[in-house]
Amino acid sequence: EDRFASDAASDSDAPPSDRLRICLVRGRNLAIRDTHFTGGGGSSDPRVHLSLGNRGAAATSSVRRATLEPVWRECFDLTVPPTNDDQTLVCKCEDWDDVSACD
């Protein structure tokens, strides 16, 4: 069994208590956002923005080109504010585009 957690940092490397560690492993069955002009299907260039509440992107993954089944295996530490504000984790996956606006 492929277990990303087994590759993660040990407890001695855990983030401070005011941090939230998020490990982005993979995506499955993503929507096609880049169609091929030859009619041969399509793909996507996904990346993920992570944030707590409505504070905007606090972390952004790398782009995985031409795939609908991306694998990232990336970890991010987000600062958790010491307030009662909205602390909902927001994960937004988008198709990165080199020339036009991202989808």
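Keep in mind it's a predicted model, so treat the numbers as computed, not measured.
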Would you mind reporting whether [Y] and [X] have side-chain heavy atoms less than 4.5 Å apart?
{"X": "Thr79", "Y": "Leu52", "answer": "no"}
{"X": "Val71", "Y": "Val25", "answer": "no"}
{"X": "Cys23", "Y": "Phe76", "answer": "no"}

Check your understanding: Other than Val90, what residues sit in its cluster of Ile, Leu, Val, Met, Phe, Trp and Tyr side chains whose heavy atoms are under 4.5 Å apart, directly or through others?
Key ->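 Noted: Val90 shares its cluster with no other residue.
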**Study point:** Shared-cluster residues of Leu30, by chain and number - hydrophobic side chains joined below 4.5 Å
**Key:**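 Result for Leu30 is Ile32, Leu68.
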Review point. Side chain of Trp72, backbone of Ser61: donor and acceptor closer than 3.5 Å?
Key: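 No; zero donor-acceptor contacts below 3.5 Å.
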Would you call [X] and [Y] a salt bridge, using N to O less than 4.0 angstrom?
{"X": "Arg21", "Y": "Asp77", "value": "yes"}
{"X": "Arg47", "Y": "Glu94", "value": "yes"}
{"X": "Glu74", "Y": "Arg26", "value": "no"}

**Study point:** Inter-residue atom distance Arg64.CZ - Cys93.SG, 0.5 Å rounding
**Key:**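 Rounded to the nearest 0.5 Å, the CZ-SG separation comes out at 12.0 Å.
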**Study point:** Between Ser44 and Asp95, a side-chain donor and acceptor under 3.5 Å
**Key:**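 Looking only at side-chain atoms, Asp95 and Ser44 do form a donor-acceptor pair, the distance falling under 3.5 Å.
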Review point. When clusters are formed by joining ILVMFWY residues with side-chain heavy atoms under 4.5 Å apart, either directly or through shared neighbours, do Leu24 and Val80 land in the same one?
Key: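 Linked within one cluster.
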Practice item. Under the side chain to side chain donor-acceptor pair (under 3.5 Å) rule, collect the residues that match up with Thr60, sequence neighbours excluded. Key: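 For Thr60, the residues satisfying side chain to side chain donor-acceptor pair (under 3.5 Å) (neighbours in sequence not counted) are His49.
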Check your understanding: Taking all non-hydrogen atoms of both residues, which atom of Asp45 and which atom of Ala66 are closest, and how far apart?
Key ->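 Distance-wise, the nearest heavy atoms are OD1-N, 2.7 Å.
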Check your understanding: Given Thr67 and Arg65, is the side-chain hydrogen bond (donor to acceptor under 3.5 Å, both in side chains) satisfied, shown in steps?
Key -> CA-CA 6 Å; Thr67 182; Arg65 295 192 184 263; over 6 Å; no
